[in-house]
Enquirer: 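Please find one structure pasted underneath; my questions will follow.
Everything numeric here is computed off the predicted structure, so don't read it as measured data.
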Amino acid sequence: MLFKGVFAVFFVITLLYASLLIEVEGIGVNWGSQARHPLPPATVVRLLRENGIQKVKLFEADSAILKALSRTGIQVMVGIPNDLLAPLAGSVAAAERWVSQNVSAHVSSNGVDIRYVAVGNEPFLKAFNGTFEGITLPALQNIQSAIIKAGLATQVKVTVPLNADVYQSASNLPSDGDFRPEIRDLMLNIVKFLSDNGAPFTINIYPFISLYNDPNFPVEFAFFDGTGTPINDNGRIYDNVLDANYDTLVWSLQKNGFGNLTIIVGEVGWPTDGDKNANLMYARRYNQGFMNRQKANKGTPMRPGAMDAYLFGLIDEDAKSIQPGNFERHWGIFYIDGQPKYQLSLGSGNGLIPAKDVHYLAKKWCILAPNANLQDPQLGPSVSYACDHADCTSLGYGSSCGNLNLAQNVSYAFNSYYQVSNQLDSACKFPGLSIVSTRDPSIGSCKFKIMIKSEDASEASAMMPITRSTAVLLLLSICLYIVL
C-alpha cells in the first residue's frame with residue numbers, strides 16, 4: 001500500500017513538474033521602464049505572474065524591479081545600456097563591480113533568477129555610425145570574466161541583443177544571408193566568443209519596422225496568416241517575413257561555422273498607435289499569430305520548433321524617445337495603467353488579465369476653454385510646450401486621435417500635459433486658453449486619459465497570487481502527508 005502511494009505521488013509530481021516546465025519555457029516579455037508614471041514594480045510582477053509570464057528582459061539593472069522579482073521563479077535577462085559600454089570595456093574592475101552590484105547581490109541575497117546579462121542594446125545600428133563597434137566586444141569579455149570570477153558562469157550567460165540589420169541578403173533569399181561586410185569580422189569575433197562560452201545569439205526582429213521604412217513592403221507578408229506571396233528558397237517556403245529574417249541569420253551563422261549556436265529573439269511585436277500601420281487590429285493580428293505558432297511548436301524551415309522569444313513590450317512607455325517614430329511609445333500589450341489593449345492569449349488562458357489595485361488621479365481634464373480664441377498668438381506656443389513635456393504621439397496622421405479638429409487637438413495636448421503634471425492647478429493655466437472640466441472629452445477611439453497616481457515602489461503591496469510552481473509544492477506536501 002505504501003509503495004502504491006509513493007508511486008502515485010511520484011506520478012502526480014512528474015505531471016505537475018512537466019506542466020511547470022512548459023510554463024517556464026513559454027513566452028517572455030520586455031519590461032521597459034521609460035514611463036513618467038510607472039506602475040509599482042510589485043504591481044507589474046503580479047501582472048506577470050497572473051498572466052503566466054515566466055521570463056522578462058530588462059534594459060537596465062533597476063534595483064527596485066530586481067527586488068520585486070525576488071523569489072518569484074521568473075527568469076531574468078538584465079541589460080547594460082549602451083552608455084555603460086565604454087567604462088566596462090576599459091576596466092575589468094568596473095565590470096566586476098557592475099556584476100557584483102547588479103547580478104551577484106540579487107542572485108545570492110534576493111533569490112532573483114538571473115539567466116542572462118545583455119551587454120548593450122542594438123549597439124551596431126547603422127544610425128549609431130560605429131560609435132559602439134570598438135567597445136562592445138571588450139565590454140562583453142570583461143562582463144564574462146566578472147561572471148566567472150563571481151562563480152556564476154554556469155547559471156548566467158552573456159549575450160548582445162542585436163538589430164536584424166547586422167546581417168543581410170543580396171537576393172532577399174535567406175540562404176544568401178551573411179553579416180554586413182563592414183562589421184563582418186567583428187560579428188564573427190563576437191559569435192565565436194558567444195559560442196566558446198555557451199552563450200546565445202540574441203536578435204531583435206521587427207516586421208513593423210520593415211513596413212514603416214518601406215511603403216512598398218507587402219503588408220500581408222508581415223503577418224502569419226499565409227496570405228502573403230511566399231518566397232521559395234530552394235524548396236524552403238517562407239510565407240512571412242519573421243521566418244525569412246530569422247533563417248537569414250541561421251544561414252549567416254551556418255556558413256561561418258556556427259550553425260548550432262542558440263538563438264534568442266530578444267524583441268518581437270507590433271505597436272498600437274503613432275502610425276497608420278500601428279493600430280490595435282494589426283497588433284493583435286501579429287502578436288496572436290506569433291503566439292499561435294509558439295503554442296503549436298512551429299518554427300522556421302531551418303530551425304523547427306518554437307522560438308525562445310520575448311514580446312516587445314509589456315507596458316507602454318510614454319517617456320521613450322520618438323526619434324525613430326511616434327510609435328515608439330506604444331509597443332505594449334498593456335496600456336501604461338496595466339490594462340490590456342486587446343484580447344491576446346499567451347498560453348492556456350483566453351485573454352490578458354489586467355493589473356490589480358491601480359490608483360488613478362481624479363476624473364478631471366484640462367481642455368480648451370469654450371471662449372478661447374483659436375487665433376490667439378499664444379495658442380501655438382502653448383500646444384508646443386504641452387506636447388514637448390507630455391505625450392502627443394496619438395495625434396499624428398493615421399493615429400488613434402488623428403481625426404480631431406483644431407480645438408480638440410488643443411484640448412488633447414493640454415490634457416496630456418495636465419495629467420503628466422499630476423493635475424496640478426498650475427498645469428492648466430494656459431492664459432485665456434484652458435479650463436478644468438469634469439466631463440470626459442474623449443471622442444470615439446481617441447481617449448483623453450486620466451493619469452495613474454505615482455507611488456513609491458516600497459509602499460506597494462508585494463502580495464502575490466499562487467502560481468503553478470507554488471501549487472506544485474503545495475500538492476507535493478499534501479501527497480506526502482497522505483502517504484505517510
Side-chain angles (χ1 to χ4, degrees), residues 14-31 47-57 72-77 115 200 202-208 220-228 230 236-247 249-250 262-272 280-315 331-334 340-354 465 467-469 471-472:
T14 300
L15 289 177
L16 290 170
Y17 183 67
S19 66
L20 176 62
L21 285 178
I22 291 171
E23 183 179 75
V24 168
E25 294 300 320
I27 194 68
V29 294
N30 285 267
W31 178 355
L47 178 71
L48 293 170
R49 291 167 67 106
E50 291 190 339
N51 283 282
I53 297 169
Q54 290 293 317
K55 299 186 298 185
V56 294
K57 178 169 165 277
T72 60
I74 295 174
Q75 298 177 13
V76 180
M77 180 187 293
R115 298 294 182 95
T202 300
I203 191 69
N204 300 339
I205 303 177
Y206 284 115
F208 169 81
E220 293 302 307
F221 197 59
F223 300 98
F224 305 103
D225 310 321
T227 54
R236 299 179 183 86
I237 306 301
Y238 295 89
D239 61 7
N240 68 85
V241 69
L242 176 70
D243 285 358
N245 193 305
Y246 186 97
D247 276 1
L249 170 60
V250 174
T262 299
I263 297 174
I264 293 176
V265 178
E267 298 178 21
V268 61
W270 199 282
T272 57
L280 295 174
M281 181 181 70
Y282 275 4
R284 184 188 183 281
R285 181 183 176 191
Y286 184 83
N287 286 331
Q288 191 61 69
F290 180 76
M291 288 308 308
N292 291 343
R293 288 163 45 92
Q294 290 289 96
K295 287 183 283 187
N297 200 37
K298 183 180 179 181
T300 71
M302 290 294 290
R303 290 273 182 104
M307 297 176 179
D308 187 355
Y310 295 76
L311 288 179
F312 188 84
L314 179 62
I315 300 172
W331 287 98
I333 57 177
F334 293 92
K341 293 182 176 181
Y342 46 83
Q343 285 299 308
L344 178 66
S345 175
L346 297 180
S348 58
N350 294 322
L352 298 174
I353 298 172
T467 61
R468 191 176 294 180
S469 56
V472 169

Enquirer: Centres of the Phe221 and Tyr238 rings: under 6.0 Å?
Expert: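 They do not qualify: ring centres at least 6.0 Å apart.
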
Enquirer: So, do Leu48 and Trp31 sit near enough that their side-chain heavy atoms are less than 4.5 Å apart?
Expert: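 They are in side-chain contact.
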
Enquirer: Could you tell me whether a side-chain N or O of Lys57 sits under 3.5 Å from a main-chain N or O of Gly28, the two making a donor and an acceptor?
Expert: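 Side chain of Lys57 to backbone of Gly28, a donor-acceptor pair under 3.5 Å: no, none is there.
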
Enquirer: Residues in side-chain hydrogen bond (donor to acceptor under 3.5 Å, both in side chains) with Gln288, at least two apart?
Expert: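 Listed in chain order: Asn292.
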
Enquirer: Could you check whether the rings of Phe312 and Tyr206 sit parallel, tilted or perpendicular, using 30° and 60° as the cut-offs?
Expert: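 Geometry flag for Tyr206 against Phe312: perpendicular rings.
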
Enquirer: Quick check: do Arg236 and Asp247 have side-chain heavy atoms less than 4.5 Å from each other?
Expert: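 They are not in contact (no side-chain heavy atoms under 4.5 Å apart), so the answer is no.
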
Enquirer: Kindly indicate whether the side chain of Tyr310, heavy atoms from C-beta on, has any atom under 4.5 Å from the side chain of Ile264.
Expert: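 Yes; the side chains approach each other to less than 4.5 Å.
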
Enquirer: Report the residues that fulfil ring-ring contact (aromatic ring centres under 6.0 Å, His included) with Phe224, sequence neighbours left out, ordered by chain and then residue number.
Expert: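 For Phe224, the residues satisfying ring-ring contact (aromatic ring centres under 6.0 Å, His included) (neighbours in sequence not counted) are Tyr286.
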
Enquirer: Just wondering, do Val29 and Leu346 contact through their side chains at under 4.5 Å, heavy atoms?
Expert: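 Answer no - side chains too far apart.
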
Enquirer: If we only count heavy atoms from C-beta on, is the Asn51 to Phe334 side-chain gap below 4.5 Å?
Expert: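 Yes, close enough: below the 4.5 Å cut-off.
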
Enquirer: Determine whether Asn240 and Phe223 make a side-chain contact, defined as any pair of heavy atoms from C-beta on separated by less than 4.5 Å.
Expert: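 SC-SC contact between Asn240 and Phe223 ruled out.
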
Enquirer: Please confirm whether the backbone N or O of Pro230 pairs with a side-chain atom of Asp239, one donor and one acceptor, at under 3.5 Å?
Expert: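 Pair absent, no side-chain N/O of Asp239 close to backbone of Pro230.
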
Enquirer: Any chance the side chains of Ser345 and Lys295 put a donor and an acceptor closer than 3.5 Å?
Expert: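 Yes, Lys295 and Ser345 have a side-chain donor paired with an acceptor closer than 3.5 Å.
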
Enquirer: For Gly266 and Asn30, work out which heavy atoms get closest and say how close.
Expert: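 Of all heavy-atom pairs spanning Gly266 and Asn30, the closest is O-ND2, 2.9 Å.
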
Enquirer: Run the side chain to side chain contact (heavy atoms under 4.5 Å, CB included) test on Val268 and Leu311 for me, step by step, so that the C-alpha distance in whole Å, both residues' side-chain angles and the decisive distance to 0.1 Å come before the verdict.
Expert: CA-CA 5 Å; Val268 61; Leu311 288 179; 4.2 Å; yes

Enquirer: For residues Pro271 and Ala283, report the shortest heavy-atom separation together with the two atoms involved.
Expert: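 Nearest heavy atoms, Pro271 then Ala283: O-CB, 3.8 Å.
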
Enquirer: Using the side-chain contact (heavy atoms from CB on, under 4.5 Å) rule, pick out the option among Val250, Leu249, Asp243 that qualifies with Tyr246.
Expert: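 Among the candidates, only Val250 passes.
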
Enquirer: Taking the side chain as C-beta and beyond, is there a heavy-atom pair between Gln54 and Gln75 under 4.5 Å?
Expert: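 Gln54 vs Gln75: side chains apart.
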
Enquirer: Minimum heavy-atom separation for Ile27 to Ile53, with atom names?
Expert: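 Reported closest heavy-atom pair: O-CG2, 4.1 Å.
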
Enquirer: Between Arg284 and Tyr342, is NZ or CZ placed under 6.0 angstrom from the six-membered ring centre and within 45° of the ring axis?
Expert: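 Cation-pi check for Arg284 and Tyr342: fails.
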
Enquirer: In Å and rounded to the nearest 0.5 Å, what is the CH2 to OG1 distance from Trp331 to Thr272?
Expert: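 Rounded to the nearest 0.5 Å, the CH2-OG1 separation comes out at 10.0 Å.
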
Enquirer: What are the two closest non-hydrogen atoms of Gln343 and Leu352, and how far apart are they?
Expert: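 Reported closest heavy-atom pair: OE1-N, 4.5 Å.
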
Enquirer: Give the intermediate values and the outcome of side chain to side chain contact (heavy atoms under 4.5 Å, CB included) for residues Ile315 and Leu47.
Expert: CA-CA 11 Å; Ile315 300 172; Leu47 178 71; 4.3 Å; yes

Enquirer: Answer whether the closest heavy-atom distance between the side chains of Met307 and Leu242 falls below 4.5 Å.
Expert: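 A side-chain contact exists here, since the closest heavy-atom pair is under 4.5 Å.
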
